[in-house]
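Here the structure is laid out as structure tokens; the discussion comes afterwards.
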Amino acid sequence: MVTELTYHANIFPGTRQELVDQLAKQLRPKRFHHVLRVEQTALELAAQNNVDAERASIAGLVHDYAKQRSDDDFIAAIKAYRLDPELLDYGNAIWHGVVGAELIKRELHIYDEDILNAVRHHTTGDVYMTPLEQVVYMADYIEPARDFPGVDEARRITAKDLGAGVAFQAQHTLLYLVENGLPVYPKSLATFNAWVPRYQR
Ligand code: DGI
Ligand code: FE
Ligand code: FE
């Protein structure tokens, strides 16, 4: 079922449809359809976890807003907004969330820090994540078109316990990075340490 809610809280200065239109302009069709699915999954997880539906919708829609920006755009933004210069050692995988949040603030006029943090942390997680941040982190991982070994287990665990889902993803993402010799962003390791041991039985 597709839920289309009406925005009331003035978090985004426009209607949901206007926000969807901005994303359609910003993203290629495949990515655009992914963000619509993440929105729907975020709404389901929000309902199960007492998270505000309007924030879940907006954060789900905008989480990959900057995914298709050029490296040059990100590098310019890191410098212009005086973000951590260590960011320059990473790439689009990290930038589209952390730097993307700054572009969302300035271009979409969304200033809600819970939403911005959900975008910033949707790829790597963080030591402390609000319920909204956890919802977006998990919705991105388990939206219906995701297909990787373990995704059904991730869906089952997350339906039972959102935090256990966060731990599952943190563990499996770190494994994936290490197995493939990819640079581990320090926050990904911190997320692992904060969440994974605590959910071991
Ligand atoms: O943007 P999406 O594809 O929807 O999903 P995402 O933002 O969760 O990005 C997933 C990718 O990010 C996946 O290929 C693993 C990668 N990733 C996650 N943590 C790290 C990372 N890549 C690097 N290099 N370092 C990390 O710590
Ligand atoms: Fe992403
Ligand atoms: Fe995504």
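Just so you know, ligand 1 is whichever comes first in the structure, and atom 1 is the first atom listed for that ligand.
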What protein heavy atom lies closest to atom 23 (C) of ligand 1? Include the residue and the distance to one decimal. Pro183 O, 3.2 Å
Tell me the protein heavy atom at minimum distance from atom 26 (C) of ligand 1, and give that distance in Å. Leu177 CD1, 3.4 Å
Numbering as shown, the atoms of ligand 1 that approach [X] to under 4.0 Å (heavy-atom distance):
| X | answer |
| --- | --- |
| His96 | 1 (O), 7 (O) |
| Thr173 | 18 (C), 19 (N) |
| Ser188 | 19 (N), 20 (C), 26 (C), 27 (O) |
| Lys67 | 1 (O), 2 (P), 3 (O) |
| Asp64 | 1 (O), 2 (P), 4 (O) |
| His34 | 4 (O) |

Between Phe192, Tyr176, Tyr90, flag the one that comes closest to atom 15 (C) of ligand 1 by a heavy atom. Tyr176
Selection from Ile94, Thr123, Asn180 by shortest heavy-atom distance to atom 7 (O) of ligand 1: Thr123
Working to 10°, measure the angle at the Fe ion (ligand 3) formed by atom NE2 of His34 and atom NE2 of His63. 100°
Give the name of the N/O/S atom in Asp64 that lies closest to the Fe ion (ligand 3). OD2
Does Arg146 come within less than 4.0 Å of ligand 1, judged by its heavy atoms? yes
Determine whether any heavy atom of Lys187 lies closer than 4.0 Å to an atom of ligand 1. no
Ligand 1 versus Arg31, non-hydrogen atoms closer than 4.0 Å: side chain, backbone, both, neither? side chain
Could you tell me whether the Fe ion (ligand 3) has an N, O or S atom of Asp140 under 2.8 Å away? yes
Is the closest side-chain donor-acceptor distance between Gln26 and Arg31 under 3.5 Å? no
